[in-house]
Amino acid sequence: MAELTRVESMQYPAGHLSHLSETQQAQLSEFKTICQDAGYYTPATGGQAASHDDETMLRYLRARRFVPQEAFNQFKSTEDWRKENKLTEIFNAIETEEYEQTRRLYPQWLGRRDKRGLPLFLFEVAPLDNKNISTYEKQLAKSKTTLPNLATKNLRLFALYESLTRFCSPLCSMVPRPYPETPVSQSNNIVDISGVGLKQFWNLKGHMQDASVLATAHYPETLDRIFVVGAPGFFPTIWGWIKRWFDPITVSKIFILSPQNVYETLSQYVDHDNIPKKYGGGLDFEWGQMPNLEPAIQERIKWENPNIQNGRNTFPIGPIKWEEGQNGEMQAWGVGSEDGTPRRQLVLTIPKPVGYKHPSPMPPTPAVPSGDPLTTAGTNTHTPGASVPHVDTPPPDTDTPPVTTTLPIRAGTSEARYEQQNQTHAAGQLADGTPHAAVRDNGQGDKTVTMEPNTVGQAPKEIPLPDREQGTAPGYIDQAKEAAVSASTVVTSTATSAAEAVMGAVGQGPKEEEKLEEPVREKSPTEQELDRQIDAASAKDVEAFLRAKTSQGKSV
């Protein structure tokens, strides 16, 4: 029997540099060896730095649960992709105006950080309407920065991600913060979907998927959390098909905040002065602006050629990269091109960067023990799990009021298969008998939510089981089987297997030696008429009906 090993927590800063267990440190060494043997990594020698810093290597290990060979597979794929798409060339040569056009369509750094020192981004979705997207597409056609066999929109998106890992994260690593021994490699995002309709969501599908797929494949573990604010009343209905645009790990990091809990939740993770005023904080920031740098960052900066915005120093548009100065200071250089002419302009210096190239490793700051990251959330964060149809066609626009078509509802579709089950299987306990969640505050805005291990109550065995009434409307499995009869042979086989699995889950499934025969019952004329009304309804009416039903329920 294989030996059981404990799964180690990867809640920040666990799993990051200077906060590795002995096992994780050994896995990092093994990962480096695999990469070096394959020619994808060069260790530090003498005064020459390693080809990749340890925190970058750890991003791939965390993404693959510290399995070195799996981490190498993704690392190799990324390194090959970077070489093929000339990432360094793109970042150093892209037109600054083209870079700025793209920056305005994606998450923008506020110039602020959360309580742990991670950069905080804002993404407002409403401005990304048909007019602005159409204008951007026309700008893409006139781009001066292009590469053969690479879509221009992807080229620009690559440059934004390079800025995150090559400029923004290193800057946050060079200023005072909790855990100064650990380089910053992740970010938090506020995604504002206020005023966004169904059709706009659908039209942005490709725009959002491009960024998500790129981050998952080639920039792993650069995302810490996403806080969604301003969710409209119909959002639970469409969440089912929106979350299919992203990978499951990304979905697990998304938290939907109800309107009354936006500031209460954000303030657990971010200081008041770093939260935009529109969400209850004290930060002056409007969508599209350059970063409004927090005082702790401004104090460490010596400006050379700043951009002035609302009387404050900030960065110029275009890509910026770091270089080490002669006296150990870090210099930020504006690169890219301006009308085809390469730009090289010193923007600022940081004379004494925190923890950068320290002669000896800094001792780790003690971290509070914490639980698994997937069970960790701030108070009032919740990811809706509404069950919705699997749709791959665009929904109707909601700029006009939805049609309030009233459709009859089939009886029995939400009932238990047998009435006897209403007195067993912890019926009614989800609302009244679910164990309470124990919330442990670990500091710095992190909280671990643990369900108490009490068993949900069960119905007393003395309660007599009433006889099943005759003549009731068919249940869910009856309808599923009736639908399967009219389908093809393959669909019939699949539906039958699914029905048997559901019946088995409630203790009524067929055994190997015998099959459970369903009683044959003719539908009444009223039930037949009910089915015809629903089947004759158009897809538009059904969608309007779903939205109307959702708006009557609780909003997120």
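All residue numbers in this chain count up from 1 along the given sequence. Just so you know, these numbers come straight off a predicted model, no measurement behind them.
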Residue pair [X] / [Y], side-chain heavy-atom distance below 4.5 Å:
X    : Y    : value
L164 : F121 : yes
F75  : M57  : yes
I350 : W322 : yes
D53  : P183 : no
L348 : P306 : no
L257 : V228 : no
V229 : F255 : no
L223 : K253 : yes

Does the side chain of [X] come under 3.5 Å of the side chain of [Y] through a donor N or O and an acceptor N or O?
X    : Y    : result
N132 : T135 : no
S77  : D80  : no
T102 : Y136 : yes
W333 : Q331 : yes
Q186 : R59  : no
E79  : H52  : yes
R225 : S187 : no
N130 : N203 : yes
Q309 : T314 : no

Assess whether a salt bridge exists between [X] and [Y], defined as any Lys/Arg side-chain N lying under 4.0 Å from an Asp/Glu carboxylate O.
X    : Y    : result
R62  : E221 : yes
D271 : R113 : no
E329 : K352 : no
K131 : D129 : no

Test your reading of the model: is there a side-chain donor-acceptor pair from [X] to the backbone of [Y], 3.5 Å cut-off?
X    : Y    : value
N188 : D114 : no
N274 : V270 : no
Q48  : P43  : no
R64  : V67  : no
S173 : V184 : yes
S163 : A159 : no
E162 : P319 : no
S21  : Q24  : yes
S252 : I249 : yes
T216 : V213 : no

Take K144 and D339, measure what salt bridge (Lys or Arg N to Asp or Glu O under 4.0 Å) needs, and give me the verdict at the end. CA-CA 8 Å; K144 297 179 181 179; D339 295 327; 3.6 Å; yes
How far apart are the closest heavy atoms of [X] and [Y], and which atoms are they?
X    : Y    : result
Y99  : G318 : CD2-CA, 3.6 Å
A71  : L61  : CB-CD2, 3.8 Å
A126 : S194 : CB-O, 3.5 Å
R104 : W287 : O-CZ2, 3.3 Å

Go through Q298 and R312 one step at a time and tell me if the side chain to side chain donor-acceptor pair (under 3.5 Å) criterion holds. CA-CA 10 Å; Q298 290 276 16; R312 296 184 298 264; over 6 Å; no
Report the C-alpha separation of E294 and L283 in whole Å, then their side-chain angles, then the decisive distance to 0.1 Å, and conclude whether the side chain to side chain contact (heavy atoms under 4.5 Å, CB included) test is met. CA-CA 9 Å; E294 63 180 271; L283 175 64; over 6 Å; no
Quick one, D273 with R112, criterion salt bridge (Lys or Arg N to Asp or Glu O under 4.0 Å). Give me CA distance, side-chain angles, the key distance, then yes/no. CA-CA 9 Å; D273 290 341; R112 303 299 168 117; over 6 Å; no
Are [X] and [Y] near enough that their ring centres are under 6.0 Å apart?
X    : Y    : answer
Y41  : F31  : no
H207 : Y106 : yes
F315 : F167 : yes
H19  : Y179 : yes

Aromatic ring pairing [X]/[Y], orientation class (parallel under 30°, perpendicular over 60°, tilted between):
X    : Y   : result
Y219 : W81 : perpendicular
F72  : Y40 : perpendicular
H16  : Y12 : perpendicular

If I take atom [atom1] from residue [X] and atom [atom2] from residue [Y], how far apart are they, to the nearest 0.5 angstrom?
X    : Y    : atom1 : atom2 : value
I317 : T96  : CD1   : OG1   : 4.5 Å
L122 : W109 : CG    : CH2   : 14.0 Å
L157 : T152 : CG    : OG1   : 12.5 Å
R300 : T349 : CZ    : OG1   : 12.5 Å
L28  : T33  : CG    : OG1   : 9.5 Å
I90  : L150 : CD1   : CG    : 5.5 Å

What verdict does the ring-ring contact (aromatic ring centres under 6.0 Å, His included) test give for Y263 and H272, after you've listed the backbone C-alpha separation in whole Å, the side-chain angles of each residue and the deciding distance to 0.1 Å? CA-CA 9 Å; Y263 178 77; H272 173 84; 5.8 Å; yes
Start with the C-alpha distance between R344 and E323, add both sets of side-chain angles, then the distance that settles salt bridge (Lys or Arg N to Asp or Glu O under 4.0 Å), and finish with yes or no. CA-CA 12 Å; R344 181 171 173 80; E323 295 181 5; 2.9 Å; yes
Apply side chain to side chain contact (heavy atoms under 4.5 Å, CB included) to residues K115 and R177 and explain how you reach the verdict. CA-CA 8 Å; K115 293 181 178 180; R177 66 192 187 284; over 6 Å; no
Decide salt bridge (Lys or Arg N to Asp or Glu O under 4.0 Å) for E97 and K142; before the verdict, give the C-alpha distance in whole Å, the side-chain angles of both, and the deciding distance to 0.1 Å. CA-CA 12 Å; E97 185 58 40; K142 301 177 181 179; over 6 Å; no
Take E95 and T145, measure what side chain to side chain donor-acceptor pair (under 3.5 Å) needs, and give me the verdict at the end. CA-CA 6 Å; E95 284 285 330; T145 309; 5.2 Å; no
